[in-house]
Amino acid sequence: MEIGFLGLGIMGKAMSMNLIKKGFKVTVWNRTLSRCDELVEMGASVGETPAAVVKKCKITIAMVSDPAAALSVVFDKDGVLEEISSGKGYVDMSTVDPETSSKISEAITSKGGSFVEAPVSGSKQPAEAALLVILAAGDKIGNGARMKLVVNMIMGSMMNAFSEGIVLADRSGLNPSDLLDVLDLGAIATPMFKGKGPNMIKSNFSPAFPLKHQQKDMRLALALGDENAVSMPIAAAANEAFKKARSMGLGDLDFSAVHEVVKQHKD
Ligand SMILES: NC(=O)C1=CN([C@@H]2O[C@H](COP(=O)(O)OP(=O)(O)OC[C@H]3O[C@@H](n4cnc5c(N)ncnc54)[C@H](OP(=O)(O)O)[C@@H]3O)[C@@H](O)[C@H]2O)C=CC1
Ligand SMILES: O=CCCC(=O)O
């Protein structure tokens, strides 16, 4: 079966490579077309536009940066909507808000196509290893997006607390590496602390999950909180730190680069 893939960033590249490795015929498109080259070397075909990909493929998957991008690939000229029809499926795996998912779902289904929202938990390495957790809510469009935003809101808040802990350990005379060891033995051990901690201590923020996307997720989660009258002061403070990091030019680094903001705060 021919599968289409739109968006070859950190995640889309790894995910589409896995489809090729599993034997699917894959047609790719990326806004910056040169990013298709590596996939072509592996055997993928290139579609000139999202519409051209959908025309050729029974199922098309999208993995793009944010709600604006997710809407653009569907609704803009040469977009998905121009070629979607009965018998074709569209799967959006980007992290967006429930309203964006609903808008896309309505447009796709009104043309006879099928739509699944399927955001993912897991980052660059799980994507490369085909170990992503897929949050697909079937007909309950919006629930996949909601779940994803709640999870990432918790993750962003945890990252800030973790960073504060590393700075506190350091400035109070402890070895931050010892903190990582102790955390890993106890009730709050998590793959995120274990995976990101050593690099944070070395100020290595090579991107797995770009900070600008984490801030987008905090923003969308806070909007979900607004709609539901849920007070989220911890998430709001974490969002401010991610915004500050973006203003410092750290948006393309890993989201753990918020550590630079936390380190900056001194008496
Ligand atoms: N990285 C991670 O750990 C995870 C990311 N996610 C989510 O997955 C999605 C992709 O993330 P990731 O791969 O890391 O991001 P990247 O920044 O690496 O890639 C973003 C992709 O979106 C494309 N894009 C951006 N704007 C537009 C637009 N207006 N029209 C069309 N395409 C556009 C980019 O194209 P171009 O190359 O032209 O810029 C690129 O292909 C995001 O929603 C993110 O929140 C979810 C789980 C984990
Ligand atoms: O959206 C990004 C999630 C990153 C992760 O789950 O590790």
Side-chain angles (χ1 to χ4, degrees), residues 4-18 28-39 46-51 53 60-80 91-98 100-101 104 117-136 144-159 162 190-197 199 205-221 242 246 250-258:
F5 209 103
L6 311 177
L8 303 175
I10 292 172
M11 297 297 283
K13 176 180 151 184
M15 292 158 79
S16 54
M17 281 182 171
N18 278 326
V28 296
W29 172 86
N30 193 68
R31 180 182 60 174
T32 308
L33 274 176
S34 58
R35 284 183 106 165
C36 298
D37 294 350
E38 224 177 316
L39 275 296
V46 178
E48 292 282 305
T49 62
V53 173
T60 299
I61 299 168
M63 189 58 161
V64 292
S65 52
D66 55 17
L71 292 168
S72 167
V73 297
V74 172
F75 291 97
D76 284 1
K77 185 173 176 313
D78 298 324
V80 169
V91 184
D92 193 346
M93 305 188 82
S94 323
T95 304
V96 298
D97 53 308
T100 299
S101 269
I104 293 172
E117 55 157 7
V120 299
S121 265
S123 193
K124 185 172 185 273
Q125 276 183 355
E128 288 166 350
L131 288 173
L132 293 171
V133 176
I134 299 177
L135 308 177
R146 288 183 188 94
M147 184 62 79
K148 175 65 187 166
L149 293 179
V150 172
V151 170
N152 273 26
M153 180 275 285
I154 297 170
M155 188 176 76
S157 301
M158 278 173 65
M159 176 54 81
F162 180 44
T190 142
M192 183 174 90
F193 296 166
K194 199 179 168 86
K196 305 275 184 193
N199 282 334
F205 306 114
S206 168
F209 180 36
L211 186 143
K212 63 186 175 191
H213 297 331
Q214 171 68 79
Q215 197 270 313
K216 169 257 304 179
D217 295 348
M218 297 305 287
R219 171 166 51 81
L220 298 178
F242 287 118
R246 281 185 60 193
L250 307 176
D252 290 326
L253 298 182
D254 191 70
F255 78 115
S256 52
V258 75

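First listed ligand is number 1; within each ligand, the first listed atom is number 1. Because only heavy atoms are used, hydrogens play no part in the values below, and waters and symmetry mates are left out as well, while side chains stay in.
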Quick one: which ligand 1 atoms are inside 4.0 Å of a heavy atom on Ala208? 1 (N), 2 (C), 3 (O)

When distances are taken from atom 7 (O) of ligand 2, the protein heavy atom at minimum range is Ser123 CB, 3.7 Å

Salt bridge (charged side-chain N to carboxylate O under 4.0 Å, His left out) pairs touching residues 122-136, sequence neighbours excluded, are Lys124-Glu128

If the contact criterion is a heavy-atom separation under 4.0 Å, does Ser121 count as touching ligand 1? no

Short list, please: which atoms of ligand 2 are under 4.0 Å from a heavy atom of Phe209? 1 (O), 2 (C)

Looking only at heavy atoms, the pair that brings Ala208 and Lys196 closest together is CB-NZ, 4.0 Å

How far does CE of Met63 sit from CE of Met15, to the nearest 0.5 angstrom? 4.5 Å

N/O to N/O below 3.5 Å, does that happen between Lys148 and ligand 2? yes

Give me the atom names and distance for the closest heavy-atom approach of Val73 to Pro50. O-CB, 3.7 Å

Among all protein heavy atoms in this structure, tell me which lies nearest to atom 46 (C) of ligand 1, with the distance rounded to 0.1 Å. Thr95 OG1, 3.6 Å

Atom 17 (O) of ligand 1: the protein heavy-atom neighbour that sits closest, reported with distance to 0.1 Å: His213 NE2, 2.9 Å

Atom 5 (C) of ligand 1: which protein heavy atom is closest, and how many Å away? Met11 CG, 3.6 Å

Looking only at protein heavy atoms, identify the closest one to atom 45 (O) of ligand 1 and say how far it is in Å. Lys216 NZ, 2.7 Å

Starting from atom 19 (O) of ligand 1, find the nearest protein heavy-atom neighbour and note its residue, name and distance. Gly9 CA, 3.3 Å

Within less than 4.0 angstrom of ligand 1, does Ala68 place any heavy atom? no

Ligand 2 to Gly122 polar contact by distance, N or O atoms, under 3.5 Å: yes

If only side-chain N and O atoms count, and only distance matters, is there a donor-acceptor pair under 3.5 Å linking Ser34 with Asp37? no

Closest non-hydrogen protein atom to atom 18 (O) of ligand 1, residue and atom name please, with distance? Ile10 N, 2.9 Å

I want to confirm something. Looking only at heavy atoms, which of Arg31, Lys148, Lys13 is nearest to atom 39 (O) of ligand 1? Arg31

Residue selection (non-hydrogen contact nearest atom 14 (O) of ligand 1) among Ala127, Pro210, Gly79, Gly251: Pro210

Which heavy atom of the protein is the closest neighbour of atom 3 (O) of ligand 1, given with residue, atom name and distance? Ser123 OG, 2.5 Å

Regarding ligand 2, does Asn152 bring an N or O atom to under 3.5 Å of one of the ligand's N or O atoms? yes

Please report the shortest heavy-atom distance between Pro207 and Asp252, naming the atom on each side. CB-O, 3.3 Å

Check whether any side-chain N or O of Thr190 sits under 3.5 Å from a backbone N or O of Met192 as a donor-acceptor pair, and report yes or no. yes

Can you pull out the closest protein heavy atom to atom 9 (C) of ligand 1? Residue, atom name and distance to 0.1 Å, please. Val64 O, 3.2 Å

